[in-house]
2 protein chains.
Amino acid sequence: MTKATTTADPRPYHHGDLHRAIVGAALDVLSESQSIEFSLRELARRAGVSHNAPYKHFADKRDLLAAVSAVGFELLAKQMTDATKEHDSPRERLAAMARAYVRGGVNNPALYRLMFGGYLTGQDDGRPAIERTAAENMKALLVDAISDGALGRLIPTAAANSREIDGAILIFWSQMHGLTLLLVDRLVGPREKMDELSESVLQGMLNGLANSIPVIPPGVWIGPPPGDSNLPSLALKG
Amino acid sequence: MTKATTTADPRPYHHGDLHRAIVGAALDVLSESQSIEFSLRELARRAGVSHNAPYKHFADKRDLLAAVSAVGFELLAKQMTDATKEHDSPRERLAAMARAYVRGGVNNPALYRLMFGGYLTGQDDGRPAIERTAAENMKALLVDAISDGALGRLIPTAAANSREIDGAILIFWSQMHGLTLLLVDRLVGPREKMDELSESVLQGMLNGLANSIPVIPPGVWIGPPPGDSNLPSLALKG
DNA sequence: AAGCGATGTTGACGTCGTCCACTTTAGCCT
DNA sequence: AGGCTAAAGTGGACGACGTCAACATCGCTT
C-alpha cells in the first residue's frame with residue numbers, strides 16, 4: 001500500500017479548522033501557564049503546523065488575542081446565564097450572577113486579564129470589533145438582571161427610568177469587577193472565600209454603607225497578602 | 001585643551017544614578033506610548049547607556065517593572081493624601097480620596113495597568129516585595145479614610161470592630177477599583193465625567209441601592225463605547 | 001598608590017513577530 | 001472530467017528583544 005492515502009494520515013497538508021485550533025490552544029496555554037506572555041509560535045507548534053500558518057487566519061497577534069478574548073466573554077456570559085437559570089427571585093438571580101462573574105475571573109485569571117487587561121485597548125482607542133460584540137452581549141446580561149431586580153422592587157425604581165437603571169448597573173458592575181480583580185491580583189483574599197465575599201459585597205451594595213455594614217467572613221485579608229514580613233522600605237524622590 | 005577632561009563631558013563612563021534614570025525613562029515611555037510593551041533596551045537607549053547596563057541595577061525585566069509599579073503606588077498614595085488634606089469632614093475626605101484614586105488610573109492607564117494588571121503576580125504567586133510594600137502603604141490610606149469615616153459616624157460602626165471596618169474597606173476599594181478599570185478599559189465612559197461618576201458611585205455605595213439610586217450624569221455610557229455599529233456576530237461552539 | 005568591587009560595554013545566542021516567495025490542495029467553471 | 005485559481009500551509013529571512021558571559025573603566029578604601 002502507498003504510504004499516505006489509505007492509512008489514516010496523521011497530518012494532512014490542510015488542517016481543516018486551524019482557526020479554532022489556534023484559539024483553543026491559546027485557551028489551553030492560558031489556563032496552564034496562567035501567563036499572558038505566550039508566543040504565537042507555540043500555538044502553532046501545539047496545533048502541529050508551521051509558525052506561519054496562523055497568519056492565514058489572523059492578521060497579527062493582536063487579532064488572535066482579540067478572538068481569544070471574545071471567546072472568554074462568551075464563556076463568562078454562558079456561566080452567568082447558567083447560574084441565574086437556577087433561581088427565581090430577583091435577589092437570588094442577582095447574587096448568582098455576581099457569584100458567576102467573580103468565579104469566572106478567579107478560576108481563570110489569565111483569561112480574565114486578557115479580556116480586561118487592556119492588551120487590546122491599545123493606542124487606536126478602540127477594541128477590536130469582535131471583542132466589543134462579545135463584551136456587549138455580556139453587559140446585556142447585567143442589564144437584564146438589574147432591570148429584573150428593579151421590576152421586582154429589589155431596587156426602588158420605576159422601571160421606566162433608564163438613567164437610574166444605568167446607575168445601578170454601573171455600581172453593580174464596577175463593584176463586582178473590582179472585587180474580582182482584587183482577588184485575581186491577590187490584593188484581597190483568600191480566593192476560596194470568593195463566594196462569601198461576593199455575597200457580602202452584594203449585600204453591602206444593596207443596603208449601603210450608611211445603613212449597615214456587611215459581614216465579611218473571618219480569615220479574609222485586604223491588601224497585599226500576609227506572609228513574609230520585613231518588607232523593604234521605599235525611596236521616592238523627585 | 002583635550003577633548004573630554006576640561007569641557008563638560010556629555011557622557012561619563014559611569015552614569016551616576018542609572019537606577020532612577022531607568023525607572024524615570026520607563027515612566028516616560030509608559031505615559032507617552034500608553035502601552036505596556038516597551039523594551040528594556042529602549043529604556044537603556046533613552047538613558048544613553050548600553051543595552052546591558054540596566055542589568056547592573058535590576059535582576060531582570062520583571063524586577064524593573066516591579067520598581068516602576070512601586071513608584072506608581074507611591075505616586076497614587078501621594079495624590080490621595082494631597083487630595084484629602086484639603087478637606088475636613090469625613091465625607092468630603094472620602095470623596096476626595098475616591099476622586100484621586102479614579103483620576104490616578106484614568107490619567108495614566110498604562111501605569112495603572114502595570115500596577116494592577118498582574119504582570120508581576122506571575123506564577124510564583126507573590127508580587128515582588130518592593131511592590132508589596134508600596135501597595136501596603138497605599139492601602140493604609142484607605143483604612144484611615146474609612147476608619148475616619150466610621151468615627152465620624154459616616155458609617156454606623158463602633159470604631160472597635162475591625163471586621164466591620166474591613167468590610168467597608170473592601171467595598172470601598174473594590175468599588176473604586178472597578179470603576180477605575182472600567183473607565184480605563186473604556187467599558188464605561190466618557191472619561192471626562194470621571195469625577196461625577198466617582199461621586200455618584202460613592203453616594204450609591206453609602207446609601208445602598210435598596211434605599212436610593214444615585215444619579216449618574218447624562219452622556220455616560222456603560223459597556224463597549226458607542227460608535228461604529230453593525231458589529232460582527234460571534235460563533236462559539238464546542 | 002594599589003587594587004578591588006561596582007558600574008558600564010561589546011558581542012553572542014536563542015526566541016519572537018512578521019514579511020516574502022514558494023508549494024500544496026480543494027473546489028469551481030467550463 | 002480536467003484544469004485553473006485562490007485559499008491554506010511551508011520554509012527561510014530579518015530585525016528586535018531578553019539574557020548571558022567576557023571584558024573595560026572607574027571610584028573608594030586601606
Side-chain angles (χ1 to χ4, degrees), chain A residues 2-26 29-30 33 35-69 114 119-120 122-124 128, chain B residues 2-26 29-30 33 35-69 114 119-120 122-124 128:
Chain A
T2 61
K3 74 173 170 64
T5 49
T6 56
T7 66
D9 198 342
R11 195 173 307 175
Y13 191 89
H14 285 104
H15 181 283
D17 196 356
L18 187 55
H19 185 103
R20 190 178 310 279
I22 292 288
V23 172
V29 173
L30 230 38
S33 74
S35 167
I36 292 294
E37 293 152 15
F38 58 84
S39 74
L40 210 141
R41 285 165 114 107
E42 177 172 352
L43 302 186
R45 257 174 255 131
R46 291 203 176 210
V49 294
S50 81
H51 68 272
N52 250 331
Y55 279 88
K56 302 295 172 179
H57 299 271
F58 305 96
D60 52 17
K61 191 177 185 183
R62 183 182 140 104
D63 193 36
L64 176 267
L65 292 178
V68 175
S69 174
L114 174 60
Y119 296 85
L120 309 151
Q123 60 287 13
D124 57 345
Chain B
T2 61
K3 74 173 172 63
T5 49
T6 57
T7 66
D9 199 341
R11 195 173 306 175
Y13 190 89
H14 286 104
H15 181 284
D17 196 355
L18 187 55
H19 185 103
R20 190 178 309 280
I22 293 288
V23 172
V29 173
L30 230 38
S33 74
S35 167
I36 293 293
E37 293 151 16
F38 58 85
S39 75
L40 210 141
R41 284 165 114 107
E42 177 173 351
L43 302 187
R45 257 175 256 131
R46 290 203 176 210
V49 293
S50 81
H51 67 271
N52 249 333
Y55 279 88
K56 301 297 171 177
H57 300 270
F58 305 96
D60 52 16
K61 191 177 184 182
R62 183 182 140 104
D63 193 36
L64 177 266
L65 291 178
V68 175
S69 174
L114 175 60
Y119 297 85
L120 310 152
Q123 60 286 13
D124 58 345

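Just so it is clear: chains get the letters A, B, ... in the order the sequence lines come, proteins before strands, and each one is counted from 1. Predicted, not measured: the structure shown is a model, and the values here were computed from it.
Put simply, CG on D60(A) is 13 Å from C1' on dC19(C), counting in whole angstrom units. The NZ-C1' distance, from K61(A) to dC17(D), rounds to 12 Å in whole Å. The CD-P distance, from E42(B) to dC17(D), rounds to 7 Å in whole Å. Across the protein-nucleic acid pair, L43(A) atom CG and dC16(C) atom P stand 10 Å apart, rounded to whole Å. The separation between I22(B) atom CD1 and dT7(C) atom P is 13 Å, rounded to whole Å. Separating the CG atom of L65(A) from the P atom of dG17(C) is a distance of 10 Å, rounded to the nearest angstrom. When rounded to the nearest whole Å, the span between CD of E37(B) and P of dC17(D) equals 12 Å. At whole-Å resolution of the value, CZ in R62(A) and P in dT18(C) are 11 Å apart.
Every residue meeting the side chain to side chain contact (heavy atoms under 4.5 Å, CB included) condition with L64(B), not counting sequence neighbours, appears here in chain and number order: I22(B), V23(B), F38(B), L43(B), F58(B), V68(B). Under the salt bridge (charged side-chain N to carboxylate O under 4.0 Å, His left out) criterion, D63(B) pairs with no residue, sequence neighbours left out. Taking the salt bridge (charged side-chain N to carboxylate O under 4.0 Å, His left out) definition, one finds that D60(A) meets it with nothing, sequence neighbours left out. Residues that satisfy the salt bridge (charged side-chain N to carboxylate O under 4.0 Å, His left out) test with R46(A), not counting sequence neighbours, are E32(A), E42(A). Contacts of H51(B) classified as side chain to side chain contact (heavy atoms under 4.5 Å, CB included), with partners at least two apart in sequence or in another chain: R41(B).
Looking at heavy-atom distances under 4.0 Å, K56(B) makes contact with a base.
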Could you write out each protein N or O paired with an N or O of nucleotides 13-16 of chain D at a distance under 3.5 Å?
none

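Each of H57(A) and A59(B) was assigned the nucleotide of DNA chain D with the nearest heavy atom; the assignment lying further toward the 5' end belongs to H57(A). Looking at which nucleotide of DNA chain C each of A53(B) and Y55(A) is closest to, the 5′-most match is held by A53(B).
Counting only distance, with no hydrogens or angles, the side chain of S69(A) and the backbone of L65(A) share no donor-acceptor pair below 3.5 Å.
Ring orientation note: the planes of H57(A) and H19(A) are nearly perpendicular, at an angle over 60° on the 30°/60° scale.
Side chain of V49(A), nearest nucleotide from dT19(D), dT18(C), dT10(D): dT10(D). Among the nucleotides dT9(C), dG17(C), dT19(D), the one closest to any side-chain atom of L40(A) is dG17(C).
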